[in-house]
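Numbering of residues begins at 1 and proceeds along the displayed sequence.
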Amino acid sequence: MKRDKYIELQEIIRKNQVTYLIEQQYNVQIILKILMNFSLYGGEEKFETLKRFFHSMKGTAATFQLQDLAELGDKYEKFMDYFGIDEMQKPDKLGVLLQALGQISDYIQKSIIEKPIRENKQFIKEYKTMTYTGKLLIVDDDVALLDLMEKLFRNEGYHVFISSNPDEVISLVKEETFDLIIMDIMMPNKTGFDLYQQMKQENIDIPTIFLTGTENKESRIKALREGIDHYIIKPFEPEELFASVEGILKKKNQQQMQVIKDDLTGAYVRRYFNEKFNKEKERYIRNGKSLAIAFLDIDHFKFINDTYGHTFGDVILKGFVYSLEKNLREYDMVFRYGGDEFLILFPATDGEEAYDITERIRSIIESQPYIPEGGNEEIFISFSAGIAMLQHENMTIKELLDKADQALYHSKEMGRGKTTYNFNKRKRKKKLLIVDDVPIMGNLIKTRFLSLGYEVDYAKDGVEALKKIDVFQPNIVFLDLMLPKLNGFEVLKQLQEKKNLHKMKIIVISSKNQEEDMLKCLRLGANDYITKPFSLEMLEERAKRLL
C-alpha cells in the first residue's frame, strides 16, 4: 500500500513537470525584459524580481524533480547575493545573467521534448472518492508550485484553497475557516513574516507552516520564536509535508475537542454555540446568506430515565446525537444545550429549508429502536423541535434562541413529535419550472432545487412551457431562449399578455451574451438574465433573491 501511494505521488509530480517547464519558458521571456530594463535604469525592485526568479526556481524545480534546473537557480541566486545590486549593473555581471537565462531556456526546451505529456486515464479519477480531512490555504507566488501542491493535497482528501497574492490572505481567512496555512517566506510586496505578523495583529490564530527556499539559520529561529508551527525547506518530499500537516491538525483537533465537545454525547458544548453563531452572523451580514437554528427536546425523556435508568438514558442521548450528525449536512452543527435539549445551527439555510431537514431527520429517528440492556422491549423515541431564522443583522442571539424556544413550546403544546416554524403557518413549497430542450441540463437543475425543498416541473419546449405554466402556476421559471416550437422570446411575449401571472418570476438562461438580447428579454417581462456557463449556486442565489 505504501509503495502504491509513492507511485501515485510520483505520477502527480510527473504529470505537472511539463506544465511547469512551459510556464518557466514563458517566465524566462519576462525576466529577460526585466534584465534589459535593469541594465538601463537599475532599481532595487527589478533586482529583487530577478533574484526571486532564481530563488523560486531553486526550490520549485527540485520539487518537480528537475535537479539540474534547480542547481542553475541556486547558482545564480548566490551569484546575485554575492555581488549585490551595484555590482550587478556592470556589463560583465549582466552578461553572466544573460548567459544564465540562455542556459535555462536551452534546458527547458530539451526537457519538454524529452517529457511528452501522457494521459493516465486510470489516474484521472483523482479526488472524487477522497474524504474530507481538513481545509488548507496555500500561499506562494510560484503558480506552478501552487498547482502541484493543490493536486497533492486534494489527492490526500484535503479541501484546498490557493493564493499567489499575499495581500488577499487576510480577507480570505476572514471569509473562510481554515485548519492550517502553508506559506512561502519570500514573496513580492509582503514576506511570510509580514503576513504572519498581520494575522496576529488581527487576532487570527491558524496553525502555520513555512515552506521556503530560505535555508539560513536566522530565518528558522525567527520563525519558531514567532510561533510558526513548522519550517520546511524547498525542495520538499510530499510525504514529509503530509506528515507535518497531519501531525499539526491532529494535535489541534485533540486540543479543540477537549474544550468544545460534550464528554457524553460528542455534541458541541453550549458555550461554543455563541462563537459559531457570531461567525455565521458575520457571514450573513457580509453575504446576505440565510441562517437558521433548531431547538430540539427529546420527548418524555424524564420518563425514560425514571423507568429504565440513567445509564439507558445516556445510551439514548448518545444515539440521538449520532443519528442527528449522521443525517445532517457536513456543515450543520449539533450543540448540547443542556440535559436532553439540543441546538442545530444551519448555516446558509432559511427557515423553510431548516424545517424540511429537521422533519426528515425526525422521521428517521422515530423509526430507530433502542433496547435496554438485559431486556427484549424495543423503545422508540421522538423529539419536538422549534425553528427560527435570523431576520436582520441587529437580531441578537438571545432573540433568536427565544424565537426558537417559543416554536419548540408550540410543538409540545400540539402533542409533541412535531417541528414548528412560524407556529405551523408554513408557506407552501415554492414551485419551479425548468424550460430547456437539453434533458441533462434540466435534470441537473431539477435535482439541485428538489434537494432545496422546491416543487419542480420540467418542459422541453415553448409550447409545453405555456401549458405547464397555466396548470402548475410556478413561482419562478428558468427559461432557455433557444427552444423548439416556440423560442424563449415568443414564450415571454405570450406570458406578457396573461394578466394573472404578474407574481411569477422569470429568469432567462442563454448562451447568448449580447446586450440587445438581454434588454429585449427584460422589456418582455423577464426578471433576470443569466449567460451560460453558470454554476448551480448562482442559480440558487438568483432564485432566492427574486423570491
Run the salt bridge (Lys or Arg N to Asp or Glu O under 4.0 Å) test against [X] and tell me which residues pass, sequence neighbours left out.
X: Glu226; result: none
X: Asp147; result: Lys151
X: Lys446; result: none
X: Lys318; result: none

Quiz item: Would you say the side-chain atoms of Ser411 and Thr420 include a donor-acceptor pair closer than 3.5 Å?
Solution: yes
Quiz item: Taking atom types as modelled and ignoring hydrogens, do the side chains of Tyr337 and Arg270 form a donor-acceptor contact shorter than 3.5 angstrom?
Solution: yes
Are any side-chain N or O atoms of [X] and backbone N or O atoms of [Y], one a donor and one an acceptor, separated by less than 3.5 Å?
X: Ser367; Y: Ile364; result: yes
X: Arg283; Y: Glu175; result: yes
X: Ser171; Y: Val169; result: no
X: Asp299; Y: Gly417; result: yes
X: Asn327; Y: Ser323; result: yes
X: Lys468; Y: Ala459; result: no
X: Asp184; Y: Met187; result: no
X: Asp340; Y: Asp297; result: no
X: Lys281; Y: Met395; result: yes
X: Lys412; Y: Leu408; result: no

From [atom1] ([X]) to [atom2] ([Y]), nearest 0.5 Å:
X: Ile232; Y: Arg220; atom1: CD1; atom2: CZ; answer: 9.5 Å
X: Leu400; Y: Leu291; atom1: CG; atom2: CG; answer: 7.0 Å
X: Glu237; Y: Phe242; atom1: CD; atom2: CZ; answer: 10.5 Å
X: Leu180; Y: Tyr158; atom1: CG; atom2: OH; answer: 8.5 Å
X: Phe295; Y: Asp402; atom1: CZ; atom2: CG; answer: 9.0 Å
X: Ile469; Y: Met504; atom1: CD1; atom2: CE; answer: 4.5 Å

Practice problem: Would you name the heavy atoms of Phe273 and Ile293 that are closest together and state the gap between them? | Solution: CZ-CG2, 4.0 Å
Self-check item: Heavy-atom pair of closest approach, residues Ile228 and Leu224
Solution: O-CD2, 3.9 Å
Practice problem: Applying side chain to side chain donor-acceptor pair (under 3.5 Å), name anything that partners Asn165, two or more places apart in sequence or on another chain. | Solution: none
Quiz prompt | Results of side chain to side chain donor-acceptor pair (under 3.5 Å) for Asp167 - residues two or more places apart only | solution = Lys190
Quiz item: Would you call Glu280 and Lys276 a salt bridge, using N to O less than 4.0 angstrom?
Solution: no
Quiz item: Does Tyr196 have any ring pair (Phe, Tyr, Trp, His ring centres under 6.0 Å) partners at least two apart in sequence or in another chain, and if so, which?
Solution: none
Exercise. Return the set of residues passing ring pair (Phe, Tyr, Trp, His ring centres under 6.0 Å) with Phe193 (not counting sequence neighbours), or none when no residue passes.
Key: Phe210
Practice problem: Is it possible for you to check whether Lys431 lies under 6.0 Å from the centre of the six-membered ring of Phe472, through NZ or CZ, and within 45° of that ring's axis? | Solution: yes
Self-check item: Qualifying salt bridge (charged side-chain N to carboxylate O under 4.0 Å, His left out) pairs with a residue from residues 193-208, counting only residues at least two apart or across chains
Solution: Lys174-Glu202
Quiz prompt | Residue pairs fulfilling salt bridge (charged side-chain N to carboxylate O under 4.0 Å, His left out) with at least one residue in residues 362-380, sequence neighbours excluded | solution = Glu359-Arg362, Arg362-Glu366
Quiz item: Listed by chain and number, what are the side-chain contact (heavy atoms from CB on, under 4.5 Å) partners of Asp314, not counting sequence neighbours?
Solution: Leu264, Leu317
Quiz prompt | Sequence neighbours excluded, every pair satisfying ring pair (Phe, Tyr, Trp, His ring centres under 6.0 Å) that has a member inside residues 313-333 | solution = Phe320-Phe342, Phe320-Phe383
